[in-house]
Student: 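Below is one structure. I have some questions about it.
Counting starts at 1 for both ligands and their atoms, in listed order.
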Amino acid sequence: MHSFKAYLIDKGGDKDGGATRAGWAQLSEDRLDPGSVTIRVAYSSVNYKDALAATGKGAIIRRFPCIGGIDLAGTVVRSDDPRFRDGDAVIATSYDIGVAHHGGYAEFARVPGDWVVPLPAGLSLFESMALGTAGYTAALGVVRMEENGLRPANGRVIVSGATGGVGSLAIDMLAGLGYAVVALTGKEDQREYLQGLGAAEVMLRSSIDITKIRPLDKALWAGAVDNLGGDVLAWMASTMQQNGTIASVGLAASHKLNTTVMPFILRGVSLLGVDSGYTAMPLRQRVWSRLAGDLKPRHLAGTTRTIAFDDLPGVFDEFIAGRAHGRVVVAIRP
Ligand SMILES: NC(=O)c1ccc[n+]([C@@H]2O[C@H](COP(=O)([O-])OP(=O)(O)OC[C@H]3O[C@@H](n4cnc5c(N)ncnc54)[C@H](OP(=O)(O)O)[C@@H]3O)[C@@H](O)[C@H]2O)c1
């Protein structure tokens, strides 16, 4: 490896107020971070968090400069870890990747072996990044809810931020498992897309009167996957059925939650936190193998758009503006 192309996120000096600056760089191998596994990156992806990091709209990067991209998949080119050999197809997401350790927006990455998941049989490298952190997180939410007793027979499951990456994949997975899924979206024109993923009903966010959220309201949902936080999560909590279960995944609308204890103590509702970043490896591998099996979304190709590495800087704004639609795979060195 002589040098490699990377999308580097840095911070300006005091003169420009320490603003985030992101752009292309040609780096030498010695700029890779420490780690036992060196990977030739085939694909990465774009998540909401990547957009926050690259634009500086969120305080995501904990070490500057940092190559962006919280997801990567590719082929091992060197390994000092006995669990991996040259030529192995692998996935690396989560932990410090793209946040405090150089990430997937580069032709090469070097990471600790403990962060690497062998590509499960049944998934291609491309599919693993069509899923990426969004798909992994949606699946982790489903697994956590099922462990908490959610079953298709319990009733309907609502998914907010429905047209986004996590939302689209959660709908596809839940519908594939036989759940009656209600897609909650802000995008009126995306009804067909959401029904195509398997949503039994599409509900517009504007139909919820957030000025009238009561401690307990009509019980509607057996399960809920929430990508928004704030008022929508408060409303979900108040409308859960007895023993309902909510997977709290995201904060695309707000990190705040103003609710009461009533749903929890009078309806036995569970609010489950979903953290994709630091799942223990045995569970992580179990979730990835389910993603290659019964949780594999049936409409992955229709949910995913592929962009060239060179086009990466142009996609972040649509995520920040909430216009993102499904998943974006970045073809680094396919
Ligand atoms: N817990 C974890 O480990 C974990 C892992 C991955 C992602 N996340 C979080 O999960 C959320 C979704 O991630 P993603 O990658 O799916 O993001 P995304 O692709 O950008 O989708 C987010 C969706 O939320 C809705 N939305 C966006 N901004 C909004 C706003 N201001 N108010 C109301 N709705 C808004 C939009 O869907 P509609 O128009 O259809 O409503 C949008 O498509 C993010 O907050 C992300 O940080 C958490």
Student: Touching ligand 1 at all, K49? Heavy atoms, strictly under 4.0 Å?
Tutor: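 K49: no contact with ligand 1 (<4.0 Å).
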Student: Can you tell me which residue and heavy atom of the protein come closest to atom 12 (C) of ligand 1, and the distance to 0.1 Å?
Tutor: N227 OD1, 3.8 Å
Student: At the 4.0 Å heavy-atom cut-off, does A162 count as touching ligand 1?
Tutor: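 Flag set, A162 near ligand 1.
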Student: Under 4.0 Å between a Lys/Arg side-chain N and an Asp/Glu carboxylate O for D217 and R214?
Tutor: yes
Student: Taking 4.0 angstrom as the limit, do R62 and D96 come out as a salt bridge?
Tutor: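 So R62 pairs with D96 through a salt bridge.
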Student: Check the angle between the aromatic planes of F108 and F4 and answer parallel, tilted or perpendicular using the 30° and 60° thresholds.
Tutor: perpendicular
Student: Under 3.5 Å between some N or O of ligand 1 and some N or O of V249?
Tutor: yes
Student: Can you report which non-hydrogen protein atom sits closest to atom 31 (N) of ligand 1, along with the distance?
Tutor: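 The closest one turns out to be A252 O, 3.4 Å.
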Student: Identify, by atom number and element, the atoms of ligand 1 in contact range of T185, meaning under 4.0 Å from any of its heavy atoms.
Tutor: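 So the answer, numbered in order with elements, is 38 (P), 39 (O), 40 (O), 41 (O).
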Student: Looking only at distance, does T133 have an N or O less than 3.5 Å from an N or O of ligand 1?
Tutor: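 No, T133 has no N/O under 3.5 Å of an N/O on ligand 1.
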Student: So does D114 pair up with R83, basic N to acidic O under 4.0 Å?
Tutor: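 Answer for the salt bridge query: yes.
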Student: Report the part of S276 (side chain from C-beta onward, or backbone N, CA, C, O) that has a heavy atom under 4.0 Å from ligand 1; answer both or neither where that applies.
Tutor: both
Student: If you measure every N or O of G167 against every N or O of ligand 1, does any of those distances drop under 3.5 Å?
Tutor: no
Student: Does the N or O separation between G186 and ligand 1 drop below 3.5 Å for any pair?
Tutor: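 Indeed, backbone or side chain, G186 has an N or O that close.
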Student: Under 3.5 Å between any N/O of A253 and any N/O of ligand 1: does that happen in this structure?
Tutor: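 So ligand 1 has no N or O lying under 3.5 Å from an N or O of A253.
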Student: May I ask you to decide if K5's main-chain N or O and E107's side chain share a donor-acceptor pair within less than 3.5 Å?
Tutor: yes
Student: Could an N or O of ligand 1 be found under 3.5 Å from any N or O of L228, whether backbone or side chain?
Tutor: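 Such a contact does not occur with ligand 1.
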Student: Does an N or O anywhere in F319 fall below 3.5 Å from an N or O of ligand 1?
Tutor: no
Student: Check the pair Y193 / H325 against ring-ring contact (aromatic ring centres under 6.0 Å, His included), numbers first and verdict last.
Tutor: CA-CA 10 Å; Y193 165 75; H325 180 296; 4.1 Å; yes
Student: Between ligand 1 and T163, is the shortest N or O to N or O distance under 3.5 Å?
Tutor: yes
Student: What protein heavy atom is closest to atom 1 (N) of ligand 1, reported as residue, atom name and distance in Å?
Tutor: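 Looking at atom 1 (N) of ligand 1, the protein heavy atom closest to it is V274 O, 2.7 Å.
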Student: Got an N/O contact under 3.5 Å between V166 and ligand 1?
Tutor: yes
Student: Using a strict 4.0 Å cut-off to heavy atoms of D275, name the atoms of ligand 1 that fall inside it.
Tutor: 3 (O)
Student: Check each heavy atom of R205 against ligand 1 and say whether those closer than 4.0 Å belong to the side chain, the backbone, both or neither.
Tutor: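 Contact part for R205 vs ligand 1: side chain (C-beta onward).
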